[in-house]
Amino acid sequence: MKQYPILDKKDTRSGFGAGLLQLGNQNPEVVALCADLTGSVKMDAFQKAFPERFFQVGIAEANMMGIAAGMATAGKIPFTGTFANFSTGRVYDQIRQSIAYSQKNVKICASHAGLTLGEDGATHQILEDLGLMKMLPNMTVINPCDYNQTKAATLAIADWNGAVYLRFGRPVVPVFLPENTPFEIGKALLLQEGSDVSIFATGHLVWQALEACQQLAQKGISAEIINIHTIKPLDEVAILQSIQKTKCAVSAEEHQKHGGLGDSIAQVLVQKMPCPLEMVAVQDTFGESGKPEELMQKYGLTAANIVDAAQKAIARKNA
Amino acid sequence: MELQKLENIAKQVRRDIVRMVHQVQSGHPGGSLGCTELLVALYFKIMRYQLPFKMEGKNEDVFFLSNGHISPVWYSVLARAGFFEVKELATFRKIDSRLQGHPATAEHLEGIRVASGSLGQGLSVAIGMAQAKKLNQDNKIVYVLMGDGEQQEGQIWEAAMYAAHHEVDNLVAIIDYNGQQIDGAVEQVMNLKDLAAKWKAFGWEVLTIEKGNQMQETIKTMEHAATLTHKKQPILVLMKTEMGYGVDFMMGSHKWHGIAPNDEQLEKALAQLEQTLGDY
């Protein structure tokens with residue numbers, strides 16, 4: 001079995017900050033806009049290095065999306081930064097009309113997504129953002145799993161022509177993908193080959209899936225772990241190839257079960273290769289205050305939950 | 001271009017507007033007729049731009065329409081200015097047309113840089129374009145037209161605050177101050193009170209066009225606005241117009257905001273609007 005030692009512990013938002021700084025050096029067309037959360041979303045290094053290309057918008061996210069659309073019209077590559085909640089739900093119509101429908105090359109970079117935002121509670125813990133964004137035509141949706149992948153994704157989206165939603169988080173979590181791991185938008189990453197069940201995980205749940213894989217192995221179950229970092233366009237080929245072998249699946253994400261990765265996978269499976277699918281996701285509730293690990297446990301988003309789901313999927317397959 | 005020629009273009013644009021809206025029995029003639037002088041002045045006298053159309057608008061003056069529902073006047077002026085063929089006006093609001101009900105970029109209609117229709121967004125987009133021009137050392141001007149009812153949208157005031165704070169001084173925003181919106185008079189629906197004072201308080205240089213349906217005054221004020229750019233303040237032009245101007249029975253009421261004339265009304269309207277450049 002392939003091993004993924006913990007290389008370091010870092011927050012994914014810092015991967016974004018490092019990627020953005022590198023982009024500032026590489027590409028003079030890259031500009032950054034932030035709505036009063038420069039430190040929190042790790043745009044401060046870019047701001048310091050490229051003050052003329054950094055735009056403080058204040059607490060006015062709708063305006064930020066419009067300005068980004070205007071800058072993109074003139075050929076710039078704007079990266080907007082704020083919390084995931086304020087990057088999506090708050091400004092949905094601005095994104096829909098001025099960015100997605102208008103085909104603008106804007107990169108919407110969203111930190112503090114999901115339950116792992118922690119103590120601030122449900123007002124800030126958006127669990128609907130992937131669904132909101134994946135529904136928009138012309139929108140690419142990416143949810144990387146660790147620091148290195150977030151940095152790689154940040155670099156990749158600058159070269160991708162079109163609107164992108166890039167989602168990352170607040171807590172310090174394991175860095176387990178080597179720095180040189182290839183990142184290709186729309187191409188799933190096979191982390192572990194297996195034959196009994198396919199586990200499709202995104203974001204912070206990828207590490208949980210790898211842990212679940214070890215636990216399943218101890219029970220004699222061979223799980224295939226696939227990292228779906230790009231929610232849209234979804235890598236259907238990788239999903240179907242895996243399912244052809246395992247004949248059952250688990251999806252795992254820090255998001256509502258409605259509208260998330262599980263939904264997208266279910267759509268592919270029911271149309272092309274029907275099979276049992278269990279979804280590890282938030283079950284149609286809001287979050288609450290608490291420590292990230294406590295919340296992940298309470299809302300059922302841990303390795304143990306993935307193990308249970310995998311066993312259930314296998315049982316349904318064999319029934 | 002001399003005044004008489006501009007006025008002739010405006011007459012033809014008004015015919016185009018009424019005919020387009022009549023043909024599909026939908027669209028917004030009232031505001032379109034009211035903003036005819038401004039758009040003709042901008043595209044035939046004030047703005048410096050190049051054809052064929054380029055999205056990025058480098059080293060060109062650019063225009064955004066935030067109140068996208070008055071698309072008929074914009075489409076007519078763009079066609080008459082040579083952005084696309086005049087005969088394409090006949091496709092307005094029809095299936096497979098590039099002339100969508102509200103302006104859009106998806107069909108690549110020359111002259112349109114962002115979709116508009118959902119109100120309140122155009123000023124922000126214009127600011128972004130203006131700041132990108134500064135980064136590109138491009139000293140041309142960005143123009144944006146908004147409606148007066150649109151001033152009720154919160155995003156407008158986010159953008160107003162931002163533009164003054166960041167000294168976006170290569171920007172001229174215009175408000176079509178016709179006093180009407182869908183549900184009635186603006187002051188009845190949601191009173192804007194002293195709009196000029198509001199924009200001044202936000203840090204903008206404010207000019208007024210008292211008679212926005214007179215070509216000469218419109219040109220004079222817009223030329224003056226251009227001279228005030230690049231002085232550390234964004235410019236706002238409060239343009240008083242009459243909804244439905246040029247067609248007597250469409251004037252002085254909000255009723256013609258978003259309805260189309262029937263055959264008889266079309267005939268009555270066209271009798272008041274001289275054909276100067278040839279109908280499409």
Side-chain angles (χ1 to χ4, degrees), chain A residues 24 27-36 50-80 82 86 90-108 136-139 161-163, chain B residues 54-60 62-64 66 68 100 102-109 112-138 140 142 144 146 153-168 170-171:
Chain A
N27 190 337
E29 300 301 338
V30 167
V31 296
L33 300 93
C34 187
D36 196 33
F50 309 102
E52 74 291 348
R53 285 194 269 150
F54 176 83
F55 298 88
Q56 174 60 263
V57 183
I59 310 165
E61 296 82 6
N63 187 41
M64 176 165 74
M65 293 306 165
I67 291 172
M71 288 181 172
T73 305
K76 299 293 168 196
I77 308 173
F79 282 64
T80 68
T82 181
F86 314 135
R90 189 178 182 89
V91 291
Y92 198 62
D93 188 44
Q94 284 76 16
I95 293 175
R96 182 178 180 274
Q97 175 173 284
S98 293
I99 296 175
Y101 182 41
S102 294
Q103 302 157 309
K104 297 304 176 197
N105 190 23
V106 174
K107 316 304 170 184
I108 301 162
L136 290 172
N138 299 337
M139 184 63 71
N161 189 20
Chain B
K54 288 194 186 68
M55 178 59 82
E56 295 191 359
K58 278 194 179 135
N59 298 309
E60 297 180 50
V62 300
F63 172 79
F64 290 99
S66 189
Q100 291 293 297
H102 293 81
T105 60
E107 297 79 16
H108 307 290
L109 184 66
I112 315 294
R113 291 191 165 89
V114 73
S116 60
S118 176
L119 294 171
Q121 301 185 30
L123 180 58
S124 302
V125 178
I127 289 169
M129 185 75 158
Q131 287 196 297
K133 279 189 175 295
K134 282 175 176 271
L135 285 175
N136 292 340
Q137 273 91 46
D138 166 354
K140 289 289 192 293
V142 178
V144 56
M146 305 175 275
E153 290 281 7
Q155 187 181 346
I156 297 274
W157 303 99
E158 293 183 4
M161 202 184 300
Y162 178 97
H165 176 85
H166 285 279
E167 298 179 346
V168 185
N170 51 345
L171 173 69

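Labels below follow one simple rule: chain letters A, B, ... track the order of the sequence lines, proteins then strands, and each chain is numbered from 1. Computed from a predicted structure; not experimentally measured.
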Asker: Heavy-atom pairs under 4.5 Å with chain A: which of B:I112, B:V142, B:N136, B:I156 has the most?
Answerer: B:N136

Asker: Could you pull out the closest heavy-atom pair between B:L135 and A:F55, with the gap in Å?
Answerer: CD1-CZ, 3.9 Å

Asker: Against chain B, work out which of A:R96, A:Q94, A:E52 has the most heavy-atom pairs shorter than 4.5 Å and name it.
Answerer: A:Q94

Asker: Determine the option with the most heavy-atom pairs under 4.5 angstrom with chain A, choosing from B:E56, B:Q121, B:K133.
Answerer: B:Q121

Asker: With rounding to the nearest 0.5 Å, note down the distance linking CD in B:E158 to CD in A:E61.
Answerer: 7.0 Å

Asker: Rounded to the nearest 0.5 Å, how far does NE2 of B:H102 lie from OH of A:Y101?
Answerer: 10.5 Å

Asker: Verify side-chain contact (heavy atoms from CB on, under 4.5 Å) between B:V114 and A:Q97, making sure each step is shown before the conclusion.
Answerer: CA-CA 8 Å; B:V114 73; A:Q97 175 173 284; over 6 Å; no

Asker: Specify which of A:I99, A:V57, A:I59, A:D93 makes the most heavy-atom pairs with chain B at under 4.5 Å.
Answerer: A:D93

Asker: Just give me the residue among B:S118, B:G57, B:A130, B:A104 that pairs up with chain A most often, heavy atom to heavy atom, under 4.5 Å.
Answerer: B:S118

Asker: For the residue pair A:Q56 and B:H166, what are the closest heavy atoms and their distance?
Answerer: O-NE2, 2.7 Å

Asker: For residues 122-129 of chain B, tabulate all N or O donor-acceptor pairs below 3.5 Å that involve a side-chain atom, not counting sequence neighbours.
Answerer:
| residue | atom | partner | partner atom | Å |
| --- | --- | --- | --- | --- |
| B:S124 | OG | A:N63 | OD1 | 2.6 |
| B:S124 | OG | B:Q155 | NE2 | 2.9 |

